[in-house]
Peer 1: 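My structure is below; once you've seen it, I'll send some questions.
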Amino acid sequence: DNRVVICDIAGFFHNLCVQTLKFSQCTKVTTKPIFSGPILLQDDHIVIGCHDGVLRCIDKVEFSKTYWEVDAKAVVYAKSTAINNNQVVACTTAGDILKIKDGKCVWRYMIGGEIWSDAVMYDGKSADGKCVLAVGARDSRMHLIYLPEDET
């Protein structure tokens with residue numbers, strides 16, 4: 001695929017052809033800025049977080065087709081993290097970490113500081129078999145979070 005998906009501060013998704021350097025599609029998906037980078041899930045859906053506090057899952061080809069939206073209840077600056085089975089972990093500026101499955105928030109955890117950086121999922125399991133997520137926050141700490149086993 002010779003396309004790159006780009007988001008902008010006007011709330012648009014752009015499909016850029018890297019061979020011609022021309023946009024093949026521009027679709028407005030929100031009225032607020034989009035600062036988080038898009039992630040591609042296994043089923044060719046794209047997930048983005050937004051300034052309006054909504055996480056959106058849209059079609060990779062037809063940007064106007066929305067599969068689900070989740071209200072994160074705070075601004076999402078950081079890029080979400082795809083984990084197994086098309087689940088998504090997202091972080092908010094209110095310090096919430098959300099795990100989303102099939103368009104529903106199945107787990108929420110709050111840390112003591114705003115989250116502006118992308119979370120990183122450890123590729124594997126901890127010594128005790130749990131999935132580990134690492135995220136930095138404005139409390140000047142690196143948080144290591146064990147994700148619930150029954151929903152990973």
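Every heavy atom of this structure was used, including side-chain atoms; hydrogens, water molecules and symmetry mates were not. Throughout, residue positions are numbered sequentially from 1 according to the sequence presented. What you see is a predicted model, and the numbers here were worked out from it, not measured in a lab.
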Peer 1: State, to 0.1 Å, how close Cys50 and Thr30 come at their nearest heavy-atom pair, and which atoms those are.
Peer 2: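 Looking at all heavy atoms of both residues, the closest pair is SG-CG2, 3.4 Å.
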
Peer 1: From Leu40 CG over to His45 NE2, what is the distance, rounded to the nearest 0.5 angstrom?
Peer 2: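 Leu40 atom CG to His45 atom NE2 measures 9.5 Å (nearest 0.5 Å).
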
Peer 1: Are Val88 and Ile48 connected in a single hydrophobic cluster, I mean Ile/Leu/Val/Met/Phe/Trp/Tyr linked by side-chain heavy atoms less than 4.5 Å apart?
Peer 2: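 Ile48 does not cluster with Val88.
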
Peer 1: Main chain of Ala94, side chain of Thr92: is a donor-acceptor contact present, judged purely on distance under 3.5 Å?
Peer 2: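 Yes; judged by distance alone, with no hydrogens or angles, the pair exists.
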
Peer 1: Without swapping roles, check the side chain of Ser117 against the backbone of Gly136 for a donor-acceptor pair under 3.5 Å.
Peer 2: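 It does hold such a pair.
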
Peer 1: Do Val89 and Leu41 sit in one hydrophobic cluster, given that two such residues count as connected whenever their side-chain heavy atoms are within less than 4.5 Å of each other, even indirectly?
Peer 2: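 No, Val89 and Leu41 fall in different hydrophobic clusters.
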
Peer 1: If you group Ile, Leu, Val, Met, Phe, Trp and Tyr by side-chain heavy-atom gaps below 4.5 Å, do Ile34 and Ile46 land in one group?
Peer 2: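 Yes, Ile34 and Ile46 fall within the same hydrophobic cluster.
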
Peer 1: I'd like to know if Trp107 and Val135 are part of one continuous hydrophobic network [Ile/Leu/Val/Met/Phe/Trp/Tyr, side-chain heavy atoms within less than 4.5 Å].
Peer 2: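 Yes, one cluster joins them.
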
Peer 1: So which atom in Tyr146 and which in Val132 form the shortest heavy-atom distance, rounded to 0.1 Å?
Peer 2: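 Shortest heavy-atom contact: CE2-CG2, 3.6 Å.
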
Peer 1: I need the Lys73 NZ to Thr93 OG1 distance, nearest 0.5 Å.
Peer 2: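 Output value for this atom pair is 14.0 Å.
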
Peer 1: If you round to the nearest 0.5 Å, how far is CD of Gln87 from NZ of Lys101?
Peer 2: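 One gets 5.0 Å once the value is rounded to the nearest 0.5 Å.
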
Peer 1: What closest approach, in Å, do Ser80 and Val47 show between heavy atoms, and which atom pair accounts for it?
Peer 2: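 It is OG-CG1, 4.3 Å.
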
Peer 1: Just grab all the salt bridge (charged side-chain N to carboxylate O under 4.0 Å, His left out) pairs involving residues 131-143, residues at least two apart or on different chains.
Peer 2: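 Qualifying pairs, neighbours excluded: Glu114-Arg138.
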
Peer 1: Ignoring hydrogens, what is the shortest heavy-atom contact between Val70 and Cys105? Give both atom names and the distance.
Peer 2: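 So the minimum-distance heavy-atom pair works out to CG1-CB, 4.4 Å.
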
Peer 1: How far apart are the closest heavy atoms of Lys79 and Gly37, and which atoms are they?
Peer 2: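 Heavy atoms of Lys79 and Gly37 come nearest at CG-O, 3.4 Å.
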
Peer 1: Within the 4.5 Å heavy-atom criterion, are Leu133 and Ile83 side-chain neighbours or not?
Peer 2: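 Side-chain contact under 4.5 Å: no.
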
Peer 1: Same cluster for Trp68 and Phe63 if Ile/Leu/Val/Met/Phe/Trp/Tyr side chains link at under 4.5 Å?
Peer 2: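 As far as the 4.5 Å side-chain criterion goes, Phe63 and Trp68 are not connected within one cluster.
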
Peer 1: Check whether any side-chain heavy atom of Ile58 sits under 4.5 Å from a side-chain heavy atom of Tyr67, and report yes or no.
Peer 2: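 No - every pair of side-chain heavy atoms lies 4.5 Å or more apart.
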
Peer 1: Which residue pairs satisfy the ring pair (Phe, Tyr, Trp, His ring centres under 6.0 Å) criterion with at least one member in residues 70-94, sequence neighbours excluded?
Peer 2: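 The answer is Phe35-Tyr77, His51-Tyr77, Tyr77-Trp116.
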
Peer 1: Hey, mind stepping through Ile111 and Ile145 against side-chain contact (heavy atoms from CB on, under 4.5 Å) and telling me if it holds?
Peer 2: CA-CA 10 Å; Ile111 62 173; Ile145 312 293; 4.2 Å; yes

Peer 1: For residues Asp96 and Tyr109, is any side-chain donor paired with an opposing acceptor at under 3.5 Å?
Peer 2: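 No pair is found: no donor N or O on one side chain lies under 3.5 Å from an acceptor on the other.
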
Peer 1: Taking all non-hydrogen atoms of both residues, which atom of Ala82 and which atom of Ile39 are closest, and how far apart?
Peer 2: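 That closest heavy-atom pairing would be N-CD1, 3.8 Å.
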
Peer 1: Hey, does Arg3 have a side-chain heavy atom less than 4.5 Å from the side chain of Lys60?
Peer 2: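 They are in contact (side-chain heavy atoms under 4.5 Å apart), so the answer is yes.
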
Peer 1: Quick one: side chains of residues 4-22, donor-acceptor pairs under 3.5 Å with protein atoms, not counting sequence neighbours, listed by atom name and distance.
Peer 2:
residue: Asp8; atom: OD1; partner: Ala10; partner atom: N; Å: 2.9
residue: Asp8; atom: OD1; partner: Gly11; partner atom: N; Å: 3.1
residue: Asp8; atom: OD1; partner: Phe12; partner atom: N; Å: 2.9
residue: Asp8; atom: OD2; partner: His14; partner atom: NE2; Å: 2.7
residue: Thr20; atom: OG1; partner: Lys22; partner atom: N; Å: 3.3

Peer 1: Indicate yes or no: at least one non-hydrogen side-chain atom of Val106 is less than 4.5 angstrom from one of Ile100.
Peer 2: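 Val106 vs Ile100: side chains apart.
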
Peer 1: Kindly determine whether Met121 and Leu147 satisfy side-chain contact (heavy atoms from CB on, under 4.5 Å), including the steps that lead there.
Peer 2: CA-CA 10 Å; Met121 184 74 181; Leu147 296 177; 3.6 Å; yes

